[in-house]
Amino acid sequence: FSAEVLDGDYTALVALAEALCLPVLSVLPAQLARQTTLSRSPRVEALFGTGSLAEAAALAAAGPGARLIGPRVQSADGMATAAIAEGPQT
């Protein structure tokens with residue numbers, strides 16, 4: 001799992017990662033802005049320099065040469081978004 005470094009409560013993310021025995025990786029804003037994403041949100045692009053925070057975080061966490069498995073998905077209530085990327089080392 002990866003999360004952009006912003007002020008916030010990551011209790012649920014950490015609990016989910018622990019339950020699945022997965023690490024949580026922090027991604028800096030500069031790492032996000034360099035990522036080319038499949039999805040585009042004009043608001044997110046204006047704020048963060050990338051079309052999708054979830055996709056950019058997945059790509060940054062997977063490392064150089066990573067690729068998205070598909071576009072991001074969003075929960076029905078809009079409170080969570082996820083993307084999966086695969087890198088040369090993953």
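Residues take their numbers from the sequence shown, with the count starting at 1. From a predicted model like this one, the values you see are computed outputs, not experimental measurements.
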Heavy atoms from other residues, nucleotides or ligands near CD1 of Ile84 exceed 12 (cutoff 6.0 Å)
no
Provide the closest heavy-atom pair for [X] versus [Y] in the form atom of the first, atom of the second, distance.
X: Ala56; Y: Thr37; value: N-CG2, 3.8 Å
X: Ser52; Y: Arg72; value: OG-CD, 3.2 Å
X: Ala66; Y: Ala62; value: CB-CB, 3.5 Å
X: Ala60; Y: Val27; value: CB-CG1, 3.6 Å
X: Leu68; Y: Ala83; value: CD2-CB, 4.4 Å

In the single-linkage hydrophobic clustering (I, L, V, M, F, W, Y; side-chain heavy atoms under 4.5 Å), do Leu32 and Leu47 co-cluster?
yes
Is there a path from Leu59 to Ile69 through hydrophobic residues (I, L, V, M, F, W, Y) whose side chains come within less than 4.5 Å of each other?
no
Are Glu55 and Pro71 close enough that some pair of their side-chain heavy atoms sits under 4.5 Å apart?
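The answer is yes; the side chains approach within 4.5 Å.
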Heavy-atom distance under 4.5 Å between the side chains of Thr81 and Leu53, does that happen here?
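A side-chain contact under 4.5 Å is absent here.
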Between Gln35 and Thr50, is there a side-chain donor-acceptor contact under 3.5 Å, judged purely by atom types and distance?
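Per modelled atom types, Thr50 and Gln35 side chains form no pair under 3.5 Å.
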Taking atom OG1 of Thr36 and atom CZ of Arg67, what is their separation to the nearest 0.5 Å?
15.0 Å
Quick one: does any side-chain atom of Gln31 pair with a main-chain N or O of Leu28 as donor and acceptor, under 3.5 Å?
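It does hold such a pair.
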